[in-house]
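Everything numeric here is computed off the predicted structure, so don't read it as measured data.
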Amino acid sequence: MPRLVMKFGGTSVANVDRIRNVARHVAREVRAGYDVAVVVSAMSGKTNELVGWVRDANPLYDPAEYDTVVASGEQVTSGLLAIALQKDGIPARSWQGWQVPIHTSDQHGSARIAAIDGAAILARFEAAREVAVVSGFQGVHPETGRITTLGRGGSDTSAVALAAALGAERCDIYTDVDGVYTTDPRVVPRARRLDRVAFEEMLEMASLGAKVLQVRSVELAMVHRVPTYVRSSFDDPDHPKPGTLICDEEDIMENPVVTGIAFSRDEAQITLRRVADKPGVAAAIFGPLADANVNVDMIIQVVSDDAATTDITFTVPSADYERSRALLEENKDRIGAAVIQGATDVVKVSAIGVGMRSHAGVASRAFKALAEKGINIRAITTSEIKFSVLIDAAYTELAVRTLHSLYGLDDKA
Ligand code: ADP
Ligand code: ASP
Ligand code: MG
């Protein structure tokens, strides 16, 4: 029998009624002749609630216990879906990460999948065509035996990794939108659904803020060549639409210069003023941040009026902002900075498209269009298939809509 992995996100399993609806989607694929493994998220809002409880108990919590708590949301939905399937006469059982087992690294809170042993699930496919309902987001570190989680949005990664391990024909990611759009359809109602997106573009879109897929899931789909679709669980279970296929660039007939616009509010800006302009200063600033695992993203250095000093601006994830400022304050004398300033009300807006490789001047058109709207650009980065601008958060929607129209992405309908 061909195998299929189906993944359902938080809104798709938000209550028992929706879980019954998920069971109908699964039943359709079982009837079509697939051996099915289903990966589920926690009910929407549940993981946030669990994270809140942990922080409330102790802001300096033990990461292993954090994982024990936050992984529990998926245990509930996997059990409930197995029960709903059984009620419809479909053999099914739930699997927690440690039962499969899904082995991971021991980075609690952001563990990486190391190996999945699919043998037990495959044996039960063989023996009874039993549907495997697997808790997403979680695994186990084999040496310590402790429960781990894969980082927020990690059920996508569980699903693609399981599809690779089971040799599934494809992985269907069911969510609350019917595919990948040219930008977040909640922000731009005129966003267009894409039939296909290239792996490289999806990787950039996900890492630049489009949370429709976790970045790691796209990497795994690309490396293991898992055909992955994003589709809606709210479609009629008997007549679903195919959704968006994430595939090789060569399999897409027409490549516009810009395929999508992404934005991330998860950014903070730090500026060091009047830093001594001499060799070794950049190392003195970024060395301690790197040692503390802070991911520095955009960096700009400005030559100031006097020849002796310079200003350096860069961005860090907003979760690391306070920590980064404290580290820089500690090293202030070594860096020789006069003033350290920061801002958290900033957003990074990015345009992505493999077509940028062969077109010049794509970014400069954006700078002009944003200037015409009175939007000030604080920092810029570019690479082969994307460029990003850092702007005031208050202009997020205006900037995203402006770029979306500029590159001809608006739905004409
Ligand atoms: P799930 O709980 O099913 O994993 P998520 O909330 O993680 O769902 O991801 C789906 C959401 O991603 C959509 O509701 C949408 O608002 C958002 N999103 C952001 N960018 C995009 C995009 N380019 N295309 C589609 N959805 C997007
Ligand atoms: N429940 C987890 C989260 O909210 C994992 C997921 O939904 O993918 O991050
Ligand atoms: Mg998600």
Side-chain angles (χ1 to χ4, degrees), residues 47-48 50-52 54-67 69-70 104-112 137 148-154 157 203-211 214-216 219 262-273 275 281-301 311-337 339-350 377-381 383 386 388-394 396:
T47 310
N48 286 345
L50 296 168
V51 171
V54 171
R55 293 203 174 126
D56 197 15
N58 181 0
L60 300 174
Y61 50 78
D62 169 1
E65 298 305 346
Y66 166 96
D67 278 350
V69 176
V70 303
T104 74
S105 66
D106 64 353
Q107 290 156 275
H108 286 285
S110 57
R112 283 169 78 96
F137 185 48
T148 55
T149 64
L150 308 178
R152 300 306 305 272
T157 301
L203 260 185
E204 292 286 4
M205 282 171 70
S207 57
L208 294 168
K211 67 163 187 163
Q214 199 196 34
V215 180
R216 185 79 186 124
E219 279 170 7
F263 58 92
S264 164
R265 295 192 167 95
D266 178 31
E267 310 287 323
Q269 176 187 330
I270 295 179
T271 299
L272 305 179
R273 296 222 182 270
V275 180
V281 167
I285 298 170
F286 299 116
L289 293 174
D291 292 343
N293 276 326
V294 175
N295 237 328
V296 173
D297 181 18
M298 310 169 111
I299 303 177
I300 46 174
Q301 178 168 346
D311 291 350
I312 296 182
T313 291
F314 54 90
T315 60
V316 296
S318 45
D320 294 330
Y321 173 67
E322 296 296 343
R323 209 155 59 92
S324 305
R325 274 199 77 155
L327 266 173
L328 293 165
E329 289 291 349
E330 267 169 43
N331 289 280
K332 200 168 163 184
D333 291 343
R334 208 153 61 85
I335 298 166
V339 185
I340 301 177
Q341 295 170 329
T344 49
D345 53 349
V346 291
V347 65
K348 183 169 68 178
V349 178
S350 310
I377 299 174
R378 291 163 170 258
I380 301 170
T381 51
S383 72
K386 60 110 183 167
S388 306
V389 294
L390 190 74
I391 59 166
D392 289 354
T396 309

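- Here Leu272 contributes atom CG and Ile335 contributes atom CD1; the two are 6.0 Å apart, rounded to the nearest 0.5 Å.
- Side-chain atoms of Val69 and Tyr61, non-hydrogen and from C-beta on, never get closer than 4.5 Å to each other.
- Atoms CD and CD1, on Glu267 and Ile391 in that order, are 11.5 Å from each other to the nearest 0.5 Å.
- Within the 4.5 Å cutoff, no side-chain heavy atoms of Thr315 are placed close to those of Lys348.
- To the nearest 0.5 Å, atom CG of residue Asn295 and atom OG of residue Ser324 are 10.0 Å apart.
- Contact record, Gly209 with Ser264: CA-CB, 4.1 Å, taken as the closest heavy-atom pair.
- If you take CG on Asn293 and CD on Gln107, they are separated by 8.5 Å, rounding to the nearest 0.5 Å.
- The shortest non-hydrogen separation linking Ile285 to Leu289 is O-CG, 3.7 Å.
- In this structure, the side chain of Arg325 engages the main chain of Ile340 through a donor-acceptor pair within 3.5 Å.
- Side-chain atoms of Thr149 and Asp67 form a donor-acceptor pair, as typed in the model, at a separation below 3.5 Å.
- The minimum heavy-atom distance linking Thr344 with Ala268 is given by the pair CG2-CB, 4.1 Å.
- Few gaps surround CZ on Arg152; more than 12 heavy atoms of other groups in view lie less than 6.0 Å from it.
- Using a 4.5 Å heavy-atom cutoff, the side chains of Asp345 and Asp392 are not in contact.
- Note that the OG1 atom of Thr148 and the CZ atom of Phe137 stand 9.5 Å from one another [nearest 0.5 Å].
- Residues Tyr66 and Val51 are in side-chain contact: their nearest non-hydrogen atoms beyond the backbone lie under 4.5 Å apart.
- Between Pro288 and Glu330 there is no side-chain heavy-atom pair separated by less than 4.5 Å.
- By the 4.5 Å heavy-atom criterion applied to side chains, Met298 and Ser388 are counted as neighbours.
- Taken from CD in Gln341 to CG in Asp311, the straight-line distance is 8.5 Å, to the nearest 0.5 Å.
- Here the closest heavy-atom approach between residue Leu208 and residue Ala262 is recorded as O-CB, 3.7 Å.
- Side-chain atoms of Leu150 and Arg216, non-hydrogen and from C-beta on, never get closer than 4.5 Å to each other.
- Of the residues listed (Thr313, Ile312, Val339), the one engaging Arg273 in a side chain to side chain contact (heavy atoms under 4.5 Å, CB included) is Val339, and it is the only one.
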Please evaluate residues Val54 and Glu65 with respect to the criterion side chain to side chain contact (heavy atoms under 4.5 Å, CB included), reporting the C-alpha separation (whole Å), side-chain torsions for both, the decisive distance (0.1 Å), and the verdict. CA-CA 8 Å; Val54 171; Glu65 298 305 346; over 6 Å; no

